[in-house]
2 protein chains.
Amino acid sequence: MSNAVVKFRLEPKSGRDRILLVAMRLFGEQGFDSVTVRDIAAAADVSVGLINHHFGSKDGLRDQVDAHFLEVFEAAYLEGTRVGAEVTSAEEYSQWIEAWISRHVDDWPLLAQYLRRALLEESDWGAEVFRRYYDIVRSAIDRVDAAGGVAPEVDRLWLPFLIIYLQVGTLLLDPYIKRILGRSGFDRDLWRRRHEAYSHMLASGVWSGGAPARPSPRPTRRRRPPPEK
Amino acid sequence: MSNAVVKFRLEPKSGRDRILLVAMRLFGEQGFDSVTVRDIAAAADVSVGLINHHFGSKDGLRDQVDAHFLEVFEAAYLEGTRVGAEVTSAEEYSQWIEAWISRHVDDWPLLAQYLRRALLEESDWGAEVFRRYYDIVRSAIDRVDAAGGVAPEVDRLWLPFLIIYLQVGTLLLDPYIKRILGRSGFDRDLWRRRHEAYSHMLASGVWSGGAPARPSPRPTRRRRPPPEK
DNA sequence: GCGGGCGCTAAACATACGTTCAGCTCCGGC
DNA sequence: GCCGGAGCTGAACGTATGTTTAGCGCCCGC
């Protein structure tokens, strides 16, 4: 079992691994173009020459960082699809997709930040990661749907995307959540609480009295005109 | 032309405005550090010297681009809060926040990309924009809540964030949606359809029948009339 | 007419950056 | 003992990039 999950942490003893680790962190924090090889060398406490000695070039370094990330992600992906393929109920679905994320939560401060960058910078492999992720979510929904678990009036086209929004929202916006809440949305208890709020929203919505018999508490304000331009 | 909305489009006749416009586009597409002043000069069909002549430095240029964006955003923000302050029902809320976005949808290919980039790069003003956005959403929810419009078991801490996720999801992930659907999620009909899916999810959830996590007033599926046009 | 400011250009300049290279230390095998 | 390779260093190199500067043409007020 311990073998199923690829090791996340590189040995910081060797200079090569230190460079890889530091580069991943800096790329995630500042973006590829904003980080200089001298920054990396300084942070990893090695000479600039060593980076090119091991990785050929700055681009080569990025390739290796990407490869390392994808190696980890691939393991999680396979794990996810394997479990996901057996899911047919909404409850189960919400369980495994969250578990799939939570399983590696301890390694996330580094990995999540890097994935966030990759997604937002639209790296070529970032697009591939997203595509796979979409496939996972979509096929899971399809199975739930086939089992009658999706309400009939729900838009099948948008449902996977809306669910993805909810799932990756914390990933993409955590820097700002941190500023508002004072701590990361990935913190254990916050994360768990978020999962419950998320599950509840998918199951029942959030507004009360879904029945149209709402006691319109305020006198009728002028309703906004439909978006027109 | 309505005077209430600050002009979005600069006059591309003057070199200064061309630079501003091109810079906004390139910064949004590639990120500040990846764009060189020579790129901008070439794309705006001016000399490199003109950029520093008008803006002093590349950083000065960014400041002006930011200022122009914020000018536009501020108008939309005030417009949003003014209307938003009068909203107390969930229906209205969902209406105005979407209208607030839809109103400027034609200017979005440029503005959205720039905002997306600002959020990605965690610029200081990007954080400020997010904070204000959060305040808008949160206070709107609070009013709805005070009017009894929020279901009691809903997590008040996470609700604003989950709603924000749904709202900005398309903004942040549109490049990938484009690859999957073949066109932008901001396209008129897709956007409208997304809004309905979004409203429906908030009102009723998406799963059918299934047992809600909490004893809900009605474990059986609740039916809603289709959103009136 | 003309002086001066404004928009603008193109070349020159200084520096930051990615890359290269000669050479150092350490260590295992012969 | 010493050879050879691996890990590593720091200075040097070439180029890309942001900035500065000298100067041109146009237009407006006097």
Side-chain angles (χ1 to χ4, degrees), chain A residues 7 9-69 114 117-118 121 123-125, chain B residues 7 9-69 114 117-118 120-125:
Chain A
K7 64 163 183 169
R9 309 201 180 286
L10 301 169
E11 282 304 325
K13 272 168 279 191
S14 86
R16 185 179 190 279
D17 283 2
R18 271 211 316 282
I19 293 171
L20 217 43
L21 222 43
V22 162
M24 190 162 170
R25 179 170 60 81
L26 292 183
F27 289 162
E29 285 173 2
Q30 311 175 33
F32 182 77
D33 285 317
S34 306
V35 177
T36 73
V37 293
R38 286 173 176 79
D39 290 340
I40 299 171
D45 200 34
V46 298
S47 67
V48 287
L50 189 61
I51 293 176
N52 284 16
H53 172 70
H54 278 306
F55 302 99
S57 68
K58 191 187 177 188
D59 279 306
L61 172 57
R62 168 163 57 180
D63 290 344
Q64 289 303 308
V65 175
D66 284 350
H68 176 247
F69 177 89
Y114 193 73
R117 274 285 160 187
E121 282 184 351
S123 71
D124 20 349
W125 66 266
Chain B
K7 63 164 182 171
R9 310 202 179 285
L10 301 168
E11 282 304 325
K13 272 168 277 190
S14 86
R16 186 179 190 280
D17 282 2
R18 273 211 314 283
I19 293 171
L20 217 42
L21 221 43
V22 162
M24 188 162 172
R25 179 170 60 82
L26 293 182
F27 288 163
E29 286 173 0
Q30 310 174 32
F32 181 77
D33 285 318
S34 306
V35 178
T36 73
V37 293
R38 283 172 179 79
D39 291 339
I40 299 171
D45 199 34
V46 299
S47 67
V48 288
L50 189 61
I51 294 176
N52 283 19
H53 172 69
H54 278 307
F55 303 98
S57 68
K58 191 186 176 190
D59 279 306
L61 172 58
R62 167 163 58 182
D63 290 344
Q64 289 302 310
V65 175
D66 285 351
H68 175 247
F69 176 90
Y114 193 73
R117 184 61 64 171
L120 159 65
E121 290 183 347
E122 296 171 49
S123 69
D124 21 350
W125 68 264

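- Across the protein-nucleic acid pair, A:Ile40 atom CD1 and C:dT19 atom C1' stand 14 Å apart, rounded to whole Å.
- Note on residues 26-45 of chain B: pairs passing salt bridge (Lys or Arg N to Asp or Glu O under 4.0 Å), not counting sequence neighbours, are B:Arg25-B:Glu29.
- Between A:Leu61 and A:Ala23, the shortest heavy-atom contact is CD2-CB, 3.8 Å.
- The CZ-P distance, from B:Phe55 to C:dC6, rounds to 16 Å in whole Å.
- For A:Ser57, whose side chain is taken as the heavy atoms from C-beta onward, the closest listed nucleotide among D:dG18, C:dT19, C:dC8 is C:dT19.
- The interatomic distance linking A:Ile19 (CD1) with D:dG7 (P) rounds to 11 Å, in whole Å.
- The side chain of B:Asn52 approaches D:dT20 more closely than any other nucleotide in the set D:dT20, C:dT9, C:dT19.
- Looking at the side chain of B:Lys58, the nearest of the listed nucleotides D:dC8, D:dT19, C:dT9 is D:dT19.
- The residue among A:Asp45 and B:Phe32 whose nearest nucleotide of DNA chain D is located toward the 5' end is A:Asp45.
- Residues B:Thr36 and A:Ile51 both approach DNA chain D. Their nearest nucleotides, taken by heavy-atom distance, put A:Ile51 toward the 5′ side.
- Atom C1' of nucleotide C:dC21 and atom NE2 of A:His54 are separated by 16 Å, given to the nearest angstrom.
- With rounding to whole Å, A:Leu26 atom CG is found 13 Å from C:dC17 atom P.
- Protein atom CG of B:Leu50 is 15 Å distant from nucleotide atom C1' of D:dG23, rounded to whole Å.
- OP1 or OP2 of C:dC6 has not a single side-chain nitrogen or oxygen of B:His53 nearer than 4.0 Å.
- One axis for each end of the helix from C:dG1-D:dC30 to C:dC30-D:dG1, each built from five base pairs, and the angle between them comes to 10° at 10° resolution.
- Sorted by first and then second residue, the side chain to side chain donor-acceptor pair (under 3.5 Å) pairs involving residues 48-63 of chain A (not counting sequence neighbours) are A:Asp59-A:Arg62.
- When rounded to the nearest whole Å, the span between CG of B:Asp39 and P of D:dG18 equals 8 Å.
- Here the closest heavy-atom approach between residue B:Ala41 and residue B:Ile51 is recorded as N-CD1, 3.9 Å.
- Taking every heavy atom of both residues into account, B:Glu121 and B:Phe32 meet most closely at OE2-N, 3.3 Å.
- A side chain to side chain contact (heavy atoms under 4.5 Å, CB included) with B:Leu50 is found for exactly one of B:Ile40, B:Ile19, B:Val37, namely B:Ile19.
- With hydrogens and angles ignored, a donor-acceptor pair closer than 3.5 Å exists between the side chain of B:Arg38 and the base of D:dG18.
- In this structure, the nucleotide among D:dG18, C:dC8, C:dT19 sitting nearest to the side chain of B:Val37 is D:dG18.
- The two residues A:Val22 and A:Ala43 have their closest heavy-atom pair at CG1-CB, 3.5 Å.
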